[in-house]
Amino acid sequence: MIPYPGETGDMTTKPRDEMRDYVGTGQLSGKRALVTGGDSGIGRAVAIAFAKEGADVAIAYLNEEDDAAHTASVIEEAGQRAVRLPGDLAEPAHCRAVVEDTVKQLGGLDIVVNNVAFQSPQDDLTEISDEQWRRTFAVNIDSFFHVTKAALQHLPAGSAIINTASINGLRGNKTLIDYSATKGAVIALTYSLAQSLADRNIRVNCVAPGPVWTPLIPATMDAEKVESFGAQVPMNRAAQPDEIAPSYVFFAASRMSSYYSGEVLAPIGGETLPG
């Protein structure tokens, strides 16, 4: 395992998360975006894809300064402004500060991606401490509430909110009980906000990926589980972040998804779900 929360540089096999082959078409020209958990993994790929589509991007993250600096540099290579916002999004006051700093430094806010996450696998419910339960909820769902609530006073009509859930929020996971519960809550929050904000013409959607190769995986799983990570899906592999980011571009760009709100897009490697 690598130290939590995980740095890309510590990974033996690096993920593809820089959207190097992605060619933007101006779908987000002039937009301002905030991506939480934007230093690496899915968040990095999303932030860079947004930049390649013409958006300035603020990334919020815990303390992974090397990863955040690299993400910002790639955003700037794409010709867009990058803002780095370190700190603990489990704290409501910091969630509000991140939004205010984004607005101040980018001059406004049009797209919010709630993507930050915490997980700590346990074999049994009784092994989940009170502290872990609270931490998981504080990061994975409470921050979505606090960031979104603060952002609503700044988001104009036509804005987009995109939440990151997980396959585990759709079907559960016996070793990620608290994490799965928060991801189910993210989906319900998405449905409810989509209804609540329709009158303001603010679209709210959700991406619920299956296994994705990010620093969080080797930082929270033992070597045996890392070795087989993603093997259970029909495609027999985990996704790369670069494969997931276009889903966020789709939801962010009104030209492509103006009639989509309250939707859950699940890139899960060929797995099918009943119901």
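For the side-chain hydrogen bond (donor to acceptor under 3.5 Å, both in side chains) condition, the pairs that include at least one residue of residues 186-198, sequence neighbours left out, are N163-T190. Applying the salt bridge (Lys or Arg N to Asp or Glu O under 4.0 Å) test to residues at least two apart or on different chains, the pairs with a partner in residues 78-98 are E65-R84, D88-R135. Applying the salt bridge (Lys or Arg N to Asp or Glu O under 4.0 Å) test to residues at least two apart or on different chains, the pairs with a partner in residues 25-48 are D17-R44, R32-D110, R44-D67. Under the side-chain hydrogen bond (donor to acceptor under 3.5 Å, both in side chains) criterion, the residue pairs touching residues 231-251 are T164-Y248, R237-E243, with sequence neighbours excluded. Residue pairs meeting the salt bridge (Lys or Arg N to Asp or Glu O under 4.0 Å) criterion with at least one partner in residues 153-168, sequence neighbours excluded, do not occur; the list is empty. Applying the side-chain hydrogen bond (donor to acceptor under 3.5 Å, both in side chains) test to residues at least two apart or on different chains, the pairs with a partner in residues 261-273 are R171-E271.
Every residue meeting the salt bridge (Lys or Arg N to Asp or Glu O under 4.0 Å) condition with R134, not counting sequence neighbours, appears here in chain and number order: D142. Among residues two or more places apart in sequence or in another chain, the side chain to side chain donor-acceptor pair (under 3.5 Å) test is passed with N205 by none. Partners of Y179 by side chain to side chain donor-acceptor pair (under 3.5 Å), not counting sequence neighbours: none found. Applying the side chain to side chain donor-acceptor pair (under 3.5 Å) criterion to D199, with sequence neighbours excluded, gives no partner residue. In this structure E18 satisfies the salt bridge (Lys or Arg N to Asp or Glu O under 4.0 Å) test together with R20, sequence neighbours excluded. Partners of S143 by side chain to side chain donor-acceptor pair (under 3.5 Å), not counting sequence neighbours: none found.
Contact annotation: the side chain of I177 never approaches that of Q122 to less than 4.5 Å [non-hydrogen atoms, C-beta and beyond]. Residues L125 and I128 are in side-chain contact: their nearest non-hydrogen atoms beyond the backbone lie under 4.5 Å apart.
In this structure a side-chain-to-backbone donor-acceptor pair under 3.5 Å is missing from S159 to I202. Judged by distance alone, the side chain of E53 and the main-chain N or O of T25 form a donor-acceptor pair under 3.5 Å.
One hydrophobic cluster, built from ILVMFWY side chains closer than 4.5 Å, holds both L28 and I75.
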